[in-house]
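Proteins get letters first, then strands, A, B, ... in listed order; numbering begins at 1 in each. Basis for what follows: all heavy atoms, side chains included, without hydrogens, waters or symmetry-related copies.
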There are 2 protein chains.
Amino acid sequence: MSRSRTAYVILGVLAIHSNQSGYEIRRTVQYSVGYFWGESYGQIYPTLKRLEAESLIAKSNSTTASRKRRQEYSITPAGRACLEAWLAVPYQEDPPRDEFLLKLFFGNEVSPSVSIAHVRRFQDKLRLMLASLEQLEPLARANSAQYPGFPFWMLTLSFGKAQLRSALEWSESAMEVLSADEPATTSNPLLADGIPAVQSA
Amino acid sequence: MSRSRTAYVILGVLAIHSNQSGYEIRRTVQYSVGYFWGESYGQIYPTLKRLEAESLIAKSNSTTASRKRRQEYSITPAGRACLEAWLAVPYQEDPPRDEFLLKLFFGNEVSPSVSIAHVRRFQDKLRLMLASLEQLEPLARANSAQYPGFPFWMLTLSFGKAQLRSALEWSESAMEVLSADEPATTSNPLLADGIPAVQSA
DNA sequence: ACACACATGTAATTGGTTACATGATTTC
DNA sequence: GAAATCATGTAACCAATTACATGTGTGT
């Protein structure tokens, strides 16, 4: 049962809009949920085959044009049922992995300038993404406000913006902290008695 | 060159505190960076062997006690150099994957109660983690404020708290939005002209 | 004619989790 | 002596990325 989540992403975007090719599905994913989800061709094409074999999607080279060498797909009723079933089950958390924070955590092992560079880079990225999301909003509003899914899309968008802004704020105070310095016991400072493990899964 | 990041996590925790066994390293990781990083035994033990073969760590069954059937390791100068080199290179971003947001994005395909349940779950998790981090702080301060790495640990901790708080705030407004309802075009609403792809990598 | 975007796919590899198997030491 | 925790490891499997290979349609 626990099939790859790629399958559900495909079902999801086909549920919103039919007759998309593998190429286009990937683009759609990038453009719409790119902020928090990615898919590669190496994953998409095989999954399309599999989904078609299971009749959750069907070839639908139809409507617009089959003028290109492209294979369009649409979701089937079974596919829709499958998507809905998946959506209903509690989401699964992926193990967290943030290399930026990891490097920052070990910052004492290297020159402060290294950590400063990491934070700066982080900041730049944040600003880029925030600009990107802020730019996306009015366009999305203009283009898709009438779609029933719109409120949900806005919800994820506003989540993204909120996280980005909070990260940006933190990064500014972090830069301040990292501009001041003085660089020690034998009991493990990371594993002292009574410190509970961080809840993660 | 591009070795598994598990190796660097191990080097990092051994750099902070020597003479830890695989078991203990894993616990240390959980307790200290668990909020944003995880490691499994299946990854740690083979990596320890590899690192020892490369002389980046060395067996050091010594100091405290070898009373248990346990193999302790310490970082070597070469290992330290390797860690430092890795820390200095720009962090790599992992492709984002947030199943919660994905399910929320497709929320229109199912009953609103489903999305509400997801957000509620998300909220609960957030509160748990925030409590966990807030509890961690004073303890960490008491136990390790004298360690040179402490400011960096606090930085990652405060990042976590900031993100959590902002997510929590968002979740509250999301719950409001999701408590009001009415549930269409043929051009792809997710892929309208002029919408730029979200910056992610 | 050239370049670029569209389009589809496969193979190799990685990075990682999970489950399994086993056993020692401590604590009650 | 039973249970919990400490402790080490392997095998099977999986999701996913990357690089490679190939070709078509459109616009300049």
Looking at [X], I'd like to know whether one of its side-chain N or O atoms comes within less than 4.0 Å of OP1 or OP2 on [N].
| X | N | result |
| --- | --- | --- |
| B/Ser21 | D/dC6 | no |
| A/Tyr41 | C/dT8 | no |
| A/Ser4 | D/dA15 | no |
| B/Arg70 | D/dA7 | yes |
| B/Lys49 | D/dG9 | yes |

Could you tell me how far apart [X] ([atom1]) and [N] ([atom2]) are, to the nearest whole angstrom?
| X | N | atom1 | atom2 | answer |
| --- | --- | --- | --- | --- |
| B/Arg5 | C/dT14 | CZ | P | 15 Å |
| B/Gln30 | D/dT5 | CD | C1' | 14 Å |
| A/Glu39 | C/dT8 | CD | P | 16 Å |
| A/Tyr45 | D/dG23 | OH | C1' | 12 Å |
| A/Asp94 | D/dA15 | CG | C1' | 11 Å |
| B/Gln92 | D/dT17 | CD | C1' | 11 Å |
| B/Ile44 | D/dT10 | CD1 | P | 14 Å |
| B/Tyr31 | D/dT5 | OH | C1' | 11 Å |

With B/Trp153 via ring-ring contact (aromatic ring centres under 6.0 Å, His included) - residues at least two apart: A/Phe105

So, do B/Phe36 and A/Phe100 sit near enough that their side-chain heavy atoms are less than 4.5 Å apart? no

Can you tell me which nucleotide in D/dT8, C/dT8, D/dT17 comes closest to the side chain of B/Tyr23?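 Closest nucleotide among those given: D/dT8.
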
Counting only side-chain heavy atoms from C-beta out, which of D/dT10, D/dA15, C/dA7 sits nearest to B/Pro46? D/dT10

Please test A/Glu109 against B/Arg80 for salt bridge (charged side-chain N to carboxylate O under 4.0 Å, His left out), starting from the C-alpha separation and ending with a verdict. CA-CA 8 Å; A/Glu109 309 304 319; B/Arg80 220 169 255 281; 3.3 Å; yes

Would you indicate what B/Gln71 reaches in the nucleic acid, counting non-hydrogen atoms under 4.0 angstrom: base, sugar-phosphate, or nothing? sugar-phosphate

Give one of base, sugar-phosphate or nothing for B/Gly42, where a contact means two heavy atoms less than 4.0 Å apart. base

May I ask you to establish whether A/Lys103 and B/Trp86 are in a cation-pi arrangement, using a distance under 6.0 Å from NZ or CZ to the six-membered ring centre and at most 45° from the ring axis? yes

Begin from the C-alpha positions of A/Ser4 and A/Arg50 and carry the test side-chain contact (heavy atoms from CB on, under 4.5 Å) through to its verdict. CA-CA 11 Å; A/Ser4 161; A/Arg50 199 160 56 77; 4.3 Å; yes

